[in-house]
Amino acid sequence: MHILITGAAGMIGRKLVDRLVADQGLGGRAIAALTLLDIVAPLSPPGFAGAVRAMEADLATPGAAESAVAARPDVIFHLAAVVSGEAEADFDKGYRVNLDGTRALFDAIRRIGAPYRPRVVFTSSIAAYGAPFPEVIDDDFRTTPLTSYGTQKVINELLLADYARRGILDGIGIRLPNICIRPGAPNKAASGFFSSILREPLAGQEAVLPVDEAVRMWHASPRAAVGFLIHAATIDLAPLGGRRSLMMPGVSASVGEQIDALRRVAGEAAVRLIRRAPDPAMNAMFKTIPGRFDTRRAAALGFTAETSFDAIVEAHIQDERALGSR
Ligand SMILES: NC(=O)c1ccc[n+]([C@@H]2O[C@H](COP(=O)([O-])OP(=O)(O)OC[C@H]3O[C@@H](n4cnc5c(N)ncnc54)[C@H](O)[C@@H]3O)[C@@H](O)[C@H]2O)c1
């Protein structure tokens, strides 16, 4: 089996590579080759016996996607993206990477033509949804994004569904929860504080909280995110029908509930490291994000995640202490 990962140098990409190398296979098949593409040079994973092609490339640049799929990877994890804050701040970059890059990838697959029809796992986001929301968002809720990033994700979901309908690829779009606790340095995602208010105090450092404690979010750990990707790459997609994208399971937690979990794990001294710096614009923005989902479609397909926020904190402590934070 040959696997291509775009965005392989990113947070989820690196964890996916680690898991694939540890498993030495995917869906019961041995992995012979990995193509790792990122605009930042991806590292070759130590301990992998197969062939690795590390491509430092911009997916949206003409020729990059063609080159990445030339060896006809069986499974493509398409993670490369400019994240929410950056896509909002830089309109051109957001559309170029998130939309044009995705279309370039899908069209490179199309140009190879039948019988080539790879499994494509695309990472969408809760940003696909826009307020006003019901108390709980179910699988039939409309996607009306209110950010450029969310709009790019929804356009990609539509492209994925159409290319799948035409038999060009066998695709699934997984709408990831907020991935928490994000290890390492913060990125430009507007939602970064959901992780930093835990990650920094757990490391004895101060963190800034720009929103009030009632703000609610839908979370899953990096470990769960990798589990979603692996599961999405291996299951039969026929039950999806024409609705190729779906929300992933997670844990609904308010910021206050996150802080309670931190207190249970690391005590009051850690909680005191959270400095409140209210940002009314951020607060208003995060008051209109979806914080609670009913993900029975994903459950029926066998996707699983943590069921408590304490388990998410525990997953971080186990995984990052084992790795040394990267
Ligand atoms: N982390 C989350 O909470 C979350 C939530 C929902 C969806 N997602 C999605 O999951 C995917 C992975 O997220 P992540 O947290 O690992 O993000 P990340 O920012 O750590 O990784 C994204 C990677 O894409 C790469 N990239 C950016 N522009 C590129 C280009 N033009 N060509 C090639 N590579 C490029 C970046 O260098 C980076 O390594 C993204 O598609 C993201 O939108 C993440």
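In listed order, ligands and their atoms are each counted from 1.
The existence of a salt bridge linking R117 and D74 is excluded, since no basic side-chain nitrogen approaches an acidic carboxylate oxygen closer than 4.0 Å. Under a 4.0 Å N-O distance rule, the pair D18/R14 does not qualify as a salt bridge.
Assignment of S84 to the shell around ligand 1 is not supported, since no heavy atom sits closer than 4.0 Å. Not a single heavy atom of G101 lies less than 4.0 angstrom from ligand 1. Within the structure, the closest approach of S191 to ligand 1 does not fall below 4.0 Å when heavy atoms are considered. Every heavy atom of H78 sits 4.0 Å or more from the atoms of ligand 1.
On a distance-only criterion, M11 and ligand 1 share at least one N/O pair closer than 3.5 Å. The distance criterion of under 3.5 Å between nitrogen or oxygen atoms is not met by S125 with respect to ligand 1. Remark: ligand 1 and V83 share no N or O pair separated by less than 3.5 Å (distance only, no angle test). Taking distance alone, with nitrogen or oxygen atoms compared against 3.5 Å, L37 stays at or beyond that limit from ligand 1. Inclusion of R96 in the set of residues having an N or O under 3.5 Å from an N or O of ligand 1 is not warranted. Geometrically, ligand 1 and G7 share no nitrogen or oxygen pair separated by less than 3.5 Å. Not one N or O of V40 is nearer than 3.5 Å to an N or O of ligand 1, by distance alone. Checked against a 3.5 angstrom limit, the closest N/O atoms of K153 and ligand 1 fall inside it. Not a single N or O atom of V82, backbone or side chain, sits closer than 3.5 Å to an N or O atom of ligand 1. Between I179 and ligand 1, at least one pair of N/O atoms sits closer than 3.5 Å.
Side chain of R199 to backbone of G184: a donor-acceptor contact under 3.5 angstrom is found.
Close approach of ligand 1 to L79 (heavy-atom distance below 4.0 Å) involves ligand atoms 11 (C), 12 (C), 40 (C), 41 (O). The atoms of ligand 1 that sit less than 4.0 Å from any heavy atom of Y149 are 7 (C), 8 (N), 9 (C), 42 (C), 43 (O). Ligand-side atoms of ligand 1 in range of G10: 16 (O), 20 (O), 21 (O), 38 (C), 39 (O), range being under 4.0 angstrom from any heavy atom. Numbered from 1 in the order shown, with element, the atoms of ligand 1 that lie under 4.0 Å from a heavy atom of A57 read 32 (N), 33 (C).
Contact detail for R142 and P132: the closest heavy-atom pair is NH2-O, 2.8 Å. Of all the heavy atoms in P249 and A220, the pair that sits closest is O-CB, 4.2 Å.
When side chains are defined from C-beta on, Q258 counts as touching I197, because their heavy atoms get closer than 4.5 Å.
The aromatic rings of H219 and F309 stand perpendicular to each other, their planes meeting at an angle above 60°, with 30° marking the opposite boundary. Ring geometry for F193 against F286 counts as perpendicular: the plane angle is over 60°, on a 0 to 90° scale with 30° as the lower cut.
Here the shortest heavy-atom distance to atom 20 (O) of ligand 1, taken over M217, R182, E56, belongs to R182. When the heavy-atom distances from atom 24 (O) of ligand 1 to A68, A64, A81 are ranked, the shortest goes to A81.
Residues F91 and Y95 place their aromatic rings such that the two centres sit under 6.0 Å apart.
A continuous path of Ile, Leu, Val, Met, Phe, Trp and Tyr side chains, each step under 4.5 Å between heavy atoms, connects I76 with I112, placing both in one hydrophobic cluster.
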